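Read the structure below first, then the notes.
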Amino acid sequence: AEKLRLLTWSGYAPADIVAQFTKETGIEVEVTTSNNEEMISKLRATQGAGFDLAQPSQDRIAGPQTEFGIYKPLDMSKIKSDQFIGSMLEATKKNTSVDSKVYGVPHIWGTDGLVVNTKAAPKVADYNDLCDPALAGKTSFRAKRPALIAFAFANGMDPFAAYGDAKAYAALMDKVGAKLAECKKNVKFFWEGNDQLLNAVRSGEIVAAMAWDTGGWKLNADNPDMKFIAPKSGALGWVDTFAIPAKGRNDDAAYKWINFNMRPEIAAKVAAAAGNFTASNGADKLMEGKLKDQFAESFPKAAIDNIRWYPAVPAGLEEIEGKVLDRLKAGS
Amino acid sequence: MNRPSITWKLYIAAFYLFLFAPLLVVAIFAFNASPFPSPPWRGFTLEWFTGSGAVFGKPGVLVDPIWLESIGNSFKVAIPVALLAVLLGTVNAWVLERAEFRGKTFVAMMMLWPLVIPGVVLGISILAFFSRVTNGLEDWLQTDLDFLRPGLPLVVLGQLSFILTIATLIIAARLRKFDRALEEAAFDLGASRARVLRTVTLPFLSPALIGAGLVALLMSFENFNTTLMLVGSEAPLPIAMYGQMREGASPAINAVSLLLMLGVGGIASVFALTSKAER
Amino acid sequence: MASSTDLDIVNVTKRFGSHAAVDDVSFSVAPGEFFSILGPSGCGKTTLMRMIAGFEHPTSGDIRIRGQSMIGVPANKRPVNMVFQSLALFPMMSVGENVAYGLTCRGVSRAEADERASRMLERVGLKGFGSRRVTALSGGQRQRVAIARCLVLEPTLVLLDEPLGALDLKLREHMKIELKQLQGTFNTTFAYITHDQSEALVMSDRIAVMNQGRFEQVGSPRELYHNPATPFVASFVGETNRLQGEAAAVSNGTIAVRLPSGAVVQGQGKGAAKALAFVRPEAVALAQDPASLSNLPNRFEGRVSAVLFDGAASSLLIDTTGFEQPVRAVLPQAGPLAGIQVGAPVHVGWTADAMKVFAA
Amino acid sequence: MASSTDLDIVNVTKRFGSHAAVDDVSFSVAPGEFFSILGPSGCGKTTLMRMIAGFEHPTSGDIRIRGQSMIGVPANKRPVNMVFQSLALFPMMSVGENVAYGLTCRGVSRAEADERASRMLERVGLKGFGSRRVTALSGGQRQRVAIARCLVLEPTLVLLDEPLGALDLKLREHMKIELKQLQGTFNTTFAYITHDQSEALVMSDRIAVMNQGRFEQVGSPRELYHNPATPFVASFVGETNRLQGEAAAVSNGTIAVRLPSGAVVQGQGKGAAKALAFVRPEAVALAQDPASLSNLPNRFEGRVSAVLFDGAASSLLIDTTGFEQPVRAVLPQAGPLAGIQVGAPVHVGWTADAMKVFAA
Amino acid sequence: MIAKQASRLTLFLLLAPAILWLGLLIVLPHVEILVLSFSERVAPRVYAFGFGNYLEFFTEPLYWRTFARTAFMSILVTALTLVLAFPIALYIARVAQGRLKAMLLLLCLLPFWVSELVRTLGWMILLRETGVISYALRSMGVAREPVELLYNDGAVILGLVYGGLLFMIVPLANALESLEPAVVEAGYDLGGSRWTVLRRIVIPHAMPGIVAGCIIVFMLTVGNFATPVLLGGKNGLWFTEQIYAQFITRFNWPQGAAFGMLLLLLSSAIVWLGLRLTGQSLGTTLKQA
Ligand SMILES: Nc1ncnc2c1ncn2[C@@H]1O[C@H](COP(=O)(O)OP(=O)(O)OP(=O)(O)O)[C@@H](O)[C@H]1O
Ligand SMILES: Nc1ncnc2c1ncn2[C@@H]1O[C@H](COP(=O)(O)OP(=O)(O)OP(=O)(O)O)[C@@H](O)[C@H]1O
Ligand SMILES: [Mg+2]
Ligand SMILES: [Mg+2]
C-alpha cells in the first residue's frame, strides 16, 4: 500500500486520526516522533531523505533550509488555504520563505511559560524567579534556545531585535549566558523530555520550571495547585508547521495529510490530544471547554498581547546560542 | 598460603551485591503498582507487562507497539550482524592464522583497531562517510540509495565494524588451538580438502562459531553508542529505551529491561553450556 | 626394480630459503622392512617424512613408492599413511569413527567401514573400544588407535614420526616391543623417525643416522654400534668415552693418538693432524693388578671418582692420569671389583680394536 | 638429638577428604645426606614434600627440623627451601634478581644481596649470567639457577621435587651427576623426590620407596636393588622378571615355587599359598649346552623370541618352556652367544640366591 | 605457475572480506571525518579547507575543559576500577576452584551483557532523591530529608566504574590464572611475605592483564555516552556529548568531526603512553582480553 512517513512531535498523530486517514485514503502512516533538533539533524544526515513530511517549528525552517537545503518548496495550490487561520498562515509563510519560496504552513501552536506548584512556590511569576535561592535545587528549565530567549526578555533585553546583527546578538547572548550560569546552582537538572519534567513536578522534586503550556495544563487537571503561568516578561509563542523534506517520495500523500489534518473536526481532535491549539480555522469552536478554561486562566488579556512569537532564526545564530548553552551545561 | 582472609571474602560478597543491586531494583520495580519506578512499594502488578494502559495511562510493554517494534528492530539488526560476524569472522580468522603474505602483521593490527575507537567516533565517521558516498552515487546514478542513509542497514554496518573484530578474535583463538596435524592426518587418510573442512576443521571450530554468534548477538542487542549515531526512523531497543528514559523513568522501562535480562540470561546460559561442552 | 623396493628416495633436497633442511638424501626401503631415521632435533627428519607423505614438495630429487614417482601426487592420493608425533586422533569422533575415517573417504560404505574398523581394533588389542571417546583412552591405547587408523587402509608404507615421544618412560619401553611385534604381524613396511637411539636400535632392521640434513650412515643396529662410520655416529649412538688428540704413528692397521697430556692411545681407523678416538664403557677392562691387563695396548692408572649405581646399568667414573675427562666404565657386578668405592685406585685398559679413531 | 638429624618426620599423615595421600610416614635425614623418595606417580611424594616446606599442613604427626617442630610455622619462616619440579623461576626477574630474591626478603641490602648472588652463580658455574633473562637460559642452566636460589640462603635442608623431570634424556643423564657433585661441594642436606629409579639409585645416599602413601622400604641403593623388602620394591626398582605361582616346599633357607604350568623354581624368601618370585635379567645365565648350567638349581630350556639390541643395555627375550611371559636376559656381548639370533634354542638358569620370593 | 596463481586468487578471496570491512567501515570513514574536520563553513553550503575547527577547540575554554575533564575522569575511573577489580580477579583466578570459579565468572559476565541502559536505570532508581537508597536512609532514620545522590560527578564515576569492572576483571583473571602456583609458592618459600610476593611476583606477572584491562576500561569510559548523560548532573559534560551535540543539535558536522578526531587522538595517545610506560604491545595486550 501507499505509505506516508511522518516525522513529527509526540501527540501530533494520535492513533485514531491515523486510522481514519488510512481508511479515507488507503495510505498508511509511519510515525516517528522527535524534536526540532533531531528532525533537522536527521534530515541533514540524509539530505532530506527518509521522510515524506516533517513538522519543525516555524522559526527553525529558513535557517537550516539555507544551510542544508533539506526541504522542498510547498506547492500552495495543493493546500486548501481556507482551512487555516489566515493571519497565522500568512505569518508562517513569511517566516518560512527562502528566496521567495514557501517551505512551511502552520499546524499546532502553543507557548512556553512557567509551570508552578503554587503551594510550594507561590511567589514565582517570572523566569528570574526560578533563580530565587529559596527554591534552590527545586527548579528546572530546558538547556535549549527557548531558555535563552526567555531569560533575555526577563532581564530586559530584546533578542529578536538583535537577530540581524550577529555580533550584537553574541554579546547579548553572553550576558544571558552569565545570568543563566548564576541561576544554574538553583536548578536540579535541565529537563529533556516533557514526561520527565511532569513526573518530577508530580513527585515534588521540582516546584517551578520553565515549560510548555500543555504540560502545565496536564498537571493542573490532576492537581489544581499546579498551574501554567504566563510570565510577566511574556510567554514565548511557537508554531509547529508542515514542511516537505527535499527527498520526500510521496508528496501527494503529504498534501493529503495536511489537508486532512486541517479539517476543523480533525484539527480539534489532534489539538485536544496534543493539549495545544491549532491553526485550523474554526476548530476552536469544536474544542472542549476544559482547555479553553485553562487557557483563559493562564492567559489573561494582557498576557495574550504579551506573547512573543519566535521570528525565523537567521542561519548562524544557532552557533552562537549553542556555544552559550554548552558553556552553561559544562561550567560549574 | 592462599587461604582467603575473612575481609577478602566479605569484600567478594559486597562486590557481588554491588554488581547485582541495580539489576535487582530494576527487576523488582517492574512489578510495583505505581507510575514511577521508585519506593514506596505500592503492591504487585503485571500492568507494566500486559496492561492495556487503562490504569497508568501507558500500555504494558507486551502490548505497546513502541516496545514491540523496537524489539523487532533490534532483532532485524542483531541477526544479520551475528550471521555476518560469524561468516566473515571465520574467513578473517583463517587469514590471521593460516595465510602467509606480506603485510600480514599490518592487517592483523588493523583488525584490532576498531576496538580502540570510541563507539561514538565510529558512528559519526561511518555516518559522514556513507552520507558522502550516497550523495555522490545519487548524483551519479540518479537514484535513491536509501539503504545507505541512516537506518537499520547502516546500523548493521556500523555494529559490524567492531563486532567483527571480536568475532574474529574468538574464532581465531580457537583456530590457533587447532592442531594442524589433525587436518594433515585427515588428508593423509585420503580425504579431499572439502571433506577435511567439513569433517574435521568445522566440527572443531563449531563451539567458537556458536560462541562468536551469541556474543555478536548480545553485543548488537546492547550496543548504544554507535547505533545512536546511525539510527534512522526505526529505533532498536536501546535507542528506544534511551528516548523513553530522557522522557522520564517509567516502570514500563523496567519491564522491558526485565525481559531483556531474561533473554540475555537465556543466551548466556546457552553460551556457558556450549563452552562447557567445548571442554 | 618395480617391486623389489617399497620406497626409493633419490637425491632428495629440500630447502627452506637458503637453509637445506634435507640435503641430497638417497635411500631405499625393502618390503616388510622396519627402517628408522635417527638424528638429533632439527636435523631434518620430519621434513623428509613430510615429503614422503606429500605435505612438502622436494626442491629437487625424486620420491618413488613401489617404483612409481610421487612428485605431483597429493597426500590424499599416496599409498602411504602417517602416524603423527602428536598422534592427531580426531577428538570429535569416537575411536571407531577414527579408524573408519580413511575407509569412508575411499567410498567404502558406512557399514563395511565400521565392520573393518572393529576388526582392526581387535587385531591391535582394542576389541570393544569402538564407541569410546578418544580422550577416554590411555597413552598406549591412543598409540594403537593411531596405528590402527593407518593399517586399516593397508598402505604400502607406514610413516611414524616419533610416535612414542609423548609417552612416559615405562610405557615407552613397553610400546617399543609392542610396535615391533605389530609390524611383524602385519608385515607392513615401516619408516620410523626418532631421536632416541635406544628406540631405533631395539626396533629397526636398518637405521639411517641423520645429521644436519644429511645421512651419516645407513646400516643395521649392530653395524652402527660396533662400526660407526663417522665421529657423529660414534658419539650419538650409545654411551661412549671420547678423546681428542693428534694422530701420531700408524702401524699395521693400528693408529696411535697422542692426547694433549702426552699420553698415547692405540686404536683403529684414520687420523689426521687432529683425531677423535672413541671407546665404549663396556669395552673398558678394569683391574686392581696392572699385570692382568698386560696384553692390552691401552693401559692406564686411575682412581674411582664416582660410583653411579644403577642396577644392571651401573657405571664407574675413573679419574685417569693423562685424561681430561674421567673415563667411564661398566661397574663390575661380580669379582673382586664388585664393591669398589669412590677413591679406590684402579687400572683401566682396552684393546686397539675397541677404540675407533676418526679424523676430526 | 637436637642436632644429630636435620629432618625428622614423625608419624605424619595427610588426608584429602577420606583419601590418605600420606599415611603414617616416619623417617629421619642426617646432616649432609642425599635422601631420595622414590615412588610411582600419585603415591604422595609431592604431598609429603609440601608438608615439609610448609605448603600443606599434616593431618597428624610432627615435622621437626634440627629438632624444632615446624607445626604452625609458615613456609616463609622455615629454614628449608624447595626446588620445584617446574623450577618456578621468576620469569619477571633476571637471573641475578632470582638468586637475590630470598636475600632481599630477609632484609639484606640490595648491594650485598647482588654481591652474594653473583658469588653463588659463580659457584654453580654461571659466572656473568646475572643480568640474563631466565627465559634465555638452557634447561640445565635454569636447573642450576633454581638450586642457586635456594643454596644462597644457606638452608638447613633443600627439598627437590623431580627437578630433572622436564629435561631431555641426555641432559638428564648429565645433570644427575652434576647435582650429586653440587650437593657434595656445598655439603647441604638434600631431600629429593623422583619417580625415576635410575635417578634415585645414581644420586642418593639413602632412598625411601613410597607406594600409596606409605614407605615400603628405606635403605641404600644397593640394599634396595639387591635385597628388596617387598614385591613392590623388587619390581619398581630395576628391570626384573616376575613369576607368579604357589610356594611348594621349603628346605634350608630355599623355597620352591610351583608355576601354573607345573614348572618349579627355587628362590629365597617367604612364600604363602600365593607367591611372587623375581629374578633380574643380569642374573640369568645363558648357555647353548645345558651341562654348563648344571650347578644351578633353576635350569630351563627356551628359544630366543626377540633380540633387543641396545648397545651395552641389549637384552634377549626368551620364550621358556613352563613360563607364561618370556624371560628377559642380558644379551651376552662376547662368547659363543654374542651373535645369537631370534629362534635360536638356548638354555637359561640362575641361582636360588638370585631369586627373591615374596608372599603375594 | 598455475598453482601459484590459484593460491594467489584464494588468498585474495580470503582477504577480500577483511579489506572491504576495514576499508569501507574503518579506514575510509576515518579519512572522511579527517577531511571533514578540516572544512570550514564560509557561507551557507560553501565550505573551504581550514584549521578553524581545531582553532575553535583550543580557543574556546569550554571545549578543551570538557576534553581535559573527560580525560582526567576517565583515568580516575580506570584507576578506581583497577583497584576494585584486582582482589576480585585474584580471588577468581587463584582461590576459587572448579564450579565456584566458573560461577563467579559467569555472575560477573551477566550484568554486562544486559544493556548499559538497564544498568544505568538501576543506578538511577537507587540513587535518585525519591529513590531506594534515599528512601531507606529516611526510613532507617539516618536522614530526615530526602537525599539526592544522582546528578553529580560521584554518580557518573560510580556508573562508569560499574560499567568497566567486567572488562577489568576478565583480563586480570586471565593474566593471574596463567601464573604458575609453584612460582607463587617459591616466592613464599624463599622467605617472601604476602606483600613482597604480591609486589614482586604477582603484580609484575599480571602486568599484561593490568594494561589490557586498563586500556579497555579507559576506551570504554572515554567513549561512553549514556552513563554520563543520564547519571551526570547539570555540571558534567562528557566529551562525547560535545560530539553528539555538534552532530545532532548543532548540525555542525565539521566541528563534530574535529572533536571526533581529537577524541580518537586522545584515546590513542593514552593507550600508546600506557603501553610505552609498561613496555607491553597492543597485540599481546588485546589478546589477553
Ligand atoms: N616450514 C618450514 N619453514 C622453514 N624452516 C623449516 C620449516 N620446517 C622445518 N624447518 C627447518 O628445517 C629444519 C629441520 O626441521 P625438522 O622439523 O625436519 O627437524 P626434525 O629432525 O624433525 O626435528 P625434531 O626432532 O625436533 O622433530 C629445522 O632447522 C627447521 O627449523
Ligand atoms: N590438594 C589436593 N586435594 C585433593 N587431593 C590431592 C591434593 N593434592 C594431592 N592429592 C592427591 O593425593 C595423592 C598424592 O598426590 P601427590 O601430588 O603427592 O603425588 P606424587 O607422588 O607427587 O605424584 P607425581 O609423581 O605424579 O607428582 C594423589 O592421589 C592426588 O590426587
Ligand atoms: Mg620432527
Ligand atoms: Mg609430584
Side-chain angles (χ1 to χ4, degrees), chain A residues 34-45 60 62-70 98 137-141 143-145 177 180-181 183-192 196 199-200 202-206 314-316 318-332, chain E residues 40-47 52-53 56-57 59-70 124 127-131 134-135 145-148 150-153 155 228-239 241-256 259:
Chain A
S34 187
N35 61 32
N36 269 327
E37 283 89 5
E38 283 179 10
M39 272 183 218
I40 299 168
S41 81
K42 279 204 169 111
L43 293 174
R44 187 243 185 274
R60 310 288 287 267
Q65 173 60 21
T66 319
E67 197 74 46
F68 310 120
I70 52 181
V98 177
K138 294 195 163 300
T139 65
S140 181
F141 52 84
K144 292 261 157 81
R145 68 182 303 265
L180 284 175
C183 188
K184 184 175 172 181
K185 51 183 169 299
N186 244 33
V187 173
K188 184 175 191 71
F189 54 75
F190 298 122
W191 65 270
E192 299 259 359
Q196 177 195 17
N199 285 347
R202 283 194 191 108
S203 66
E205 287 184 12
I206 298 286
E318 289 187 85
E319 291 288 337
I320 299 168
E321 293 167 358
K323 224 181 279 174
V324 173
L325 290 173
D326 281 345
R327 258 180 242 148
L328 173 66
K329 281 194 254 178
S332 47
Chain E
E40 270 179 81
R41 172 181 175 276
V42 285
R45 304 193 209 183
V46 183
Y47 294 88
N53 298 313
E56 177 72 20
F57 171 83
T59 50
E60 172 58 62
L62 157 70
Y63 295 142
W64 60 258
R65 270 198 206 133
T66 308
F67 189 75
R69 189 184 115 92
T70 305
M124 289 173 79
L127 296 178
R128 66 188 318 142
E129 194 177 334
T130 54
S134 166
Y135 185 80
E145 292 288 298
V147 220
E148 177 65 283
L150 196 60
Y151 306 126
N152 55 49
D153 284 357
V229 168
L230 292 170
L231 298 183
K234 51 196 182 180
N235 293 333
L237 211 53
W238 210 249
F239 198 65
E241 286 183 65
Q242 290 287 8
I243 298 176
Y244 179 84
Q246 291 302 335
F247 262 80
I248 301 300
T249 48
R250 290 290 171 269
F251 333 121
N252 190 348
W253 285 17
Q255 187 69 59
F259 287 175

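Reminder, nothing fancy here: chain letters follow the sequence lines and each chain counts from 1. A quick note: this is a predicted structure, and the numbers were derived from the prediction, not measured.
Scored by the salt bridge (charged side-chain N to carboxylate O under 4.0 Å, His left out) test, E:E241 finds no partners at all (sequence neighbours excluded).
Both the backbone and the side chain of A:A45 have a heavy atom closer than 4.5 Å to some heavy atom of chain E. At a 4.5 Å heavy-atom cutoff, E:F239 makes no contact with chain A through either its backbone or its side chain.
Here the straight-line distance linking atom NZ of A:K188 with atom CG of E:L150 works out to 8.5 Å at 0.5 Å rounding.
No side-chain heavy atom of E:Q255 sits under 4.5 Å from any side-chain heavy atom of A:E319. Within the 4.5 Å cutoff, the side chain of E:F247 has no heavy atoms near those of the A:R44 side chain.
Using cut-offs of 30° and 60° on the angle between ring planes, the pair A:F68 and E:F251 is perpendicular.
Nearest heavy-atom pair across E:L62 and A:K323 is CD2-O, 3.8 Å.
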